[in-house]
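These notes are about the structure you will find just below.
This is a predicted model, so every value here is computed, not measured. Here, residue 1 is the first one in the sequence, and each next residue gets the next number.
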Amino acid sequence: MRHRLIVPGAIATASLLLAVPASAAEPTPGAPGVGDPYYPAYGNGGYDVSHYDLQLTYQPKTDKLTGTATLLATAEQDLSRFNLDFALDVSEVRVNGKKARFDTSGAHELEVTPAEPLAKGEKATVVVRYQGVPSKVEVNGFTSWLRTKDGGVAANEPESAWWWFPSNDHPTDKASYDISVAVPDGTQAISNGTLQSQRSQAGWTRYNWRSRAPQATYLATLALGKFDITKSKTDSGLPVINAYSKDLGEHEGAARASVERTAELTEWLEGYFGEYPFEALGGYVPATDTTYALETQTRPFYSPDDFADGSNTSVVVHEMAHQWYGDSVSLKGWKDIWINEGFARYAQWLWSEEQGEGTAQELADYAYASHPADDAFWTVKPGDPGPDNQFHRAVYDRGAMTLQALRNEIGDKDFFAVLKGWPQKHKGGNAAVGDFVDYAEKVSGKPLAELFDTWLYQPSKPSAGAASFAAKNTPKQPRSWKQIHTADHHRH
């Protein structure tokens with residue numbers, strides 16, 4: 001037997017190498033974006049946020065917002081520096097209690113360099129102090145902050161957080177929220193989730209809101225102004241909070257007649273999608289000049305324009321359907337927008353069927369026949385529409401036609417099992433279009449890749465036989481059609 005001679009110096013060197021942990025590699029900066037091909041600079045790499053605590057003060061006369069944001073995050077690599085998405089003026093940043101260096105770059109990047117690097121797996125507390133006038137801050141030529149006569153509103157897609165809190169602004173990093181806002185007495189602050197407390201002192205009232213379930217940054221909302229607030233409970237005991245600007249004028253009656261039915265419509269949707277996934281519900285209608293609605297989590301935003309022609313329960317169905325499809329189950333990348341809009345549109349078709357104003361099949365037939373083969377409508381691919389067409393009507397209507405084609409292919413029993421099972425399977429998480437295709441195949445036992453490719457990814461009009469749609473003549477327009485299309489597009 002041969003013996004290898006190991007000298008003491010070699011032993012010391014070997015021991016030293018064994019003692020050096022793998023994490024001792026040189027820390028590196030986190031990426032300035034998550035790599036979403038539609039919006040490469042949105043979100044950030046290197047960490048995950050689990051909770052946002054926002055302490056805000058707002059003066060409606062000047063639109064000035066002052067805040068302290070505390071983010072609880074976990075490093076996903078050895079971090080020497082990390083970015084936050086933000087556009088207001090920052091006065092101080094602390095990481096784990098120590099002052100951090102900070103700078104800005106790009107259109108909306110706040111670069112933070114901690115006093116000490118963060119090790120992979122380390123939990124960090126990040127505190128950012130800031131102020132600004134959101135309505136005067138533009139990023140890439142626009143502002144997502146909606147200024148009103150008596151305050152302001154944060155409600156937009158795919159971006160709105162930059163104008164009121166620093167964040168990791170991509171739907172794949174969902175978190176819980178505590179949002180505390182002080183406003184002058186007589187002004188109200190509306191946000192997501194449940195109102196934990198409300199107290200007044202020295203001419204100011206502070207509202208404390210809490211969202212417990214995972215929530216994407218673009219689904220966080222804030223409305224500041226003079227509102228009439230109604231409160232009730234569902235039959236199952238969930239709090240319902242609705243708010244209406246005191247400046248809605250002639251739209252007030254129609255808005256109330258629609259939004260006050262939120263609990264009823266949510267209960268109806270549970271029959272298709274399963275148990276409502278959150279701890280509260282409601283909606284709010286500020287006096288904005290916008291023309292869209294938005295599925296802000298637990299408390300959708302509605303424009304007065306949504307009710308210009310009278311009450312509109314269809315738009316409420318659309319936004320509440322998003323609470324399952326888009327909010328509880330969020331997209332993995334912005335190209336997966338069909339997971340949000342196709343299903344919310346189809347919910348409106350089901351509501352039309354319920355109301356006797358046109359069946360889902362009749363609506364699909366009409367939508368299909370309304371666009372000839374050479375219409376540019378068919379060049380938009382709902383499964384990957386591109387950032388410029390993310391909220392194109394094709395994503396909504398062709399997206400819903402896809403679901404009717406699926407229903408015709410696999411039958412009602414399996415189709416409605418898919419609609420209900422999908423949001424339960426992915427509750428609180430993220431999913432892509434491909435994940436839904438796999439799930440539908442598993443439930444139905446049928447190969448469906450060709451069907452989905454035809455309807456979601458081909459830039460041409462599918463044959464009528466591909467979905468059992470009406471092939472000849474344009475059918476009569478269903479009575480629900482115009483109301484369904486009142487609020488089609490988000491603002492970007």
query: Under the salt bridge (charged side-chain N to carboxylate O under 4.0 Å, His left out) test, which residues partner E252, sequence neighbours left out?
result: R256
message: Applying ring-ring contact (aromatic ring centres under 6.0 Å, His included) as the test, list every pair that has at least one member in residues 209-235; sequence neighbours left out.
response: Y218-W334
E159 side chain reached by F142 side chain, heavy atoms, under 4.5 Å: yes
message: Using the ring-ring contact (aromatic ring centres under 6.0 Å, His included) criterion, which residues pair with H251? Sequence neighbours excluded.
response: none
- request: Anything under 30° is parallel, anything over 60° is perpendicular, the rest tilted; go ahead and classify Y58 against W145.
  value: tilted
query: Do S160 and F301 come within less than 4.5 Å of each other through their side chains, counting heavy atoms only?
result: no
field: With sequence neighbours excluded, residues passing salt bridge (charged side-chain N to carboxylate O under 4.0 Å, His left out) with E264
entry: R261
Please tabulate, one pair per line, all N/O donor-acceptor pairs under 3.5 Å involving side-chain atoms of residues 325-332, not counting sequence neighbours.
| residue | atom | partner | partner atom | Å |
| --- | --- | --- | --- | --- |
| Y325 | OH | L419 | O | 2.7 |
| D327 | OD2 | Q323 | NE2 | 3.2 |
| S328 | OG | G428 | N | 3.3 |
| S330 | OG | K174 | NZ | 2.9 |
| S330 | OG | G326 | O | 3.1 |
| S330 | OG | D327 | O | 3.0 |
| K332 | NZ | D435 | OD2 | 3.0 |

Check ion pair R129-E92 (N to O, under 4.0 angstrom): yes
- request: Could you list the residues that satisfy ring-ring contact (aromatic ring centres under 6.0 Å, His included) with F86, not counting sequence neighbours?
  value: Y130
- request: Evaluate the side-chain proximity of F343 to H322: yes if any heavy-atom separation is below 4.5 Å, no if none is.
  value: no
task: On the 0 to 90° scale, with breaks at 30° and 60°, tag the Y52-F165 ring pair as parallel, tilted or perpendicular.
output: perpendicular
